[in-house]
Engineer: 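Below you'll find the structure I mean.
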Amino acid sequence: MLSPLFIDTFLLDYHLGHVILLGFLVSLLATAPLKSQKVTGSVVAGFGTIFLVAPYTTMPQVYILAGIPMILIGALLWTMA
């Protein structure tokens with residue numbers, strides 16, 4: 001059985017930006033079998049919005065600023081579909 005100290009030291013290396021990015025990648029992998037640009041565009045734009053409105057004190061500004069192009073790319077994917 002793992003000690004709680006090991007779990008704490010493992011989780012201290014990550015922040016909210018890493019968690020949202022992992023959720024984004026898993027969501028993109030889940031939409032891949034659908035082969036729909038509208039669904040992919042909505043996932044990209046949705047996670048861009050999540051990155052943009054996330055509290056800036058819980059992650060670096062790079063993740064927050066990455067939300068702006070993600071929203072634009074998601075809107076372009078939706079429009080091209």
Side-chain angles (χ1 to χ4, degrees):
M1 188 167 156
L2 295 174
S3 70
L5 184 62
F6 174 75
I7 295 171
D8 286 344
T9 56
F10 175 75
L11 292 176
L12 284 175
D13 294 336
Y14 301 103
H15 51 74
L16 184 63
H18 291 124
V19 174
I20 297 173
L21 188 62
L22 178 67
F24 173 65
L25 293 176
V26 169
S27 297
L28 276 183
L29 287 175
T31 61
L34 298 175
K35 297 179 183 171
S36 171
Q37 281 187 342
K38 283 192 175 186
V39 174
T40 305
S42 64
V43 166
V44 172
F47 272 95
T49 305
I50 291 172
F51 273 118
L52 201 59
V53 299
Y56 66 92
T57 58
T58 58
M59 59 185 173
Q61 292 178 352
V62 173
Y63 290 95
I64 296 170
L65 293 176
I68 297 169
M70 287 175 69
I71 292 172
L72 295 175
I73 290 169
L76 286 173
L77 284 173
W78 179 274
T79 304
M80 289 188 316

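Remember, predicted model here, so these are calculated numbers, not experimental data.
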Engineer: Is there a side-chain contact between I20 and F24 in this structure, where contact means two heavy atoms from C-beta onward sitting under 4.5 Å apart?
Structural biologist: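 Not in contact.
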Engineer: Excluding sequence neighbours, so at least two apart, what forms side-chain contact (heavy atoms from CB on, under 4.5 Å) with P55?
Structural biologist: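 Applying side-chain contact (heavy atoms from CB on, under 4.5 Å) to P55 gives L16, T57, T58.
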Engineer: Taking all non-hydrogen atoms of both residues into account, name the closest pair between G48 and M70 and its distance.
Structural biologist: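 Between these two residues, the closest heavy atoms are CA-CB, 3.7 Å.
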Engineer: Ignoring hydrogens and angles, write down the donor-acceptor pairs under 3.5 Å from the side chains of residues 37-46, residues two or more places apart or on other chains.
Structural biologist:
| residue | atom | partner | partner atom | Å |
| --- | --- | --- | --- | --- |
| T40 | OG1 | S36 | O | 3.0 |
| S42 | OG | K38 | O | 3.3 |
| S42 | OG | V39 | O | 2.8 |

Engineer: So if you build clusters from Ile, Leu, Val, Met, Phe, Trp, Tyr with side-chain heavy-atom gaps below 4.5 Å, do L21 and V26 land together?
Structural biologist: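 No: no chain of side-chain contacts under 4.5 Å links L21 to V26.
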Engineer: Is there a path from Y14 to M59 through hydrophobic residues (I, L, V, M, F, W, Y) whose side chains come within less than 4.5 Å of each other?
Structural biologist: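 Looking at the clustering, M59 is in a separate group from Y14.
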Engineer: Hey, can you tell me if F51 and Y63 have their rings parallel, tilted or perpendicular (30° and 60° cut-offs)?
Structural biologist: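 The rings of F51 and Y63 lie parallel, inter-plane angle below 30°.
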Engineer: Show the nearest heavy-atom pair for residues F47 and S27, with the distance to one decimal.
Structural biologist: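 Closest approach of F47 to S27, heavy atoms only: CE1-OG, 3.4 Å.
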Engineer: Quick check for you: to the nearest 0.5 Å, what is the distance between T49 atom OG1 and I71 atom CD1?
Structural biologist: 4.0 Å
Engineer: What pairs of residues pass the side-chain hydrogen bond (donor to acceptor under 3.5 Å, both in side chains) test when at least one of them lies in residues 71-81, not counting sequence neighbours?
Structural biologist: none
Engineer: What pair of heavy atoms forms the shortest contact from P69 to A66, and how long is it?
Structural biologist: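 Answer, listing the atom of P69 first, then A66: CD-O, 3.3 Å.
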Engineer: Decide whether L25 and L77 are clustered together by the hydrophobic rule: side chain heavy atoms of Ile, Leu, Val, Met, Phe, Trp, Tyr closer than 4.5 Å, transitively.
Structural biologist: yes
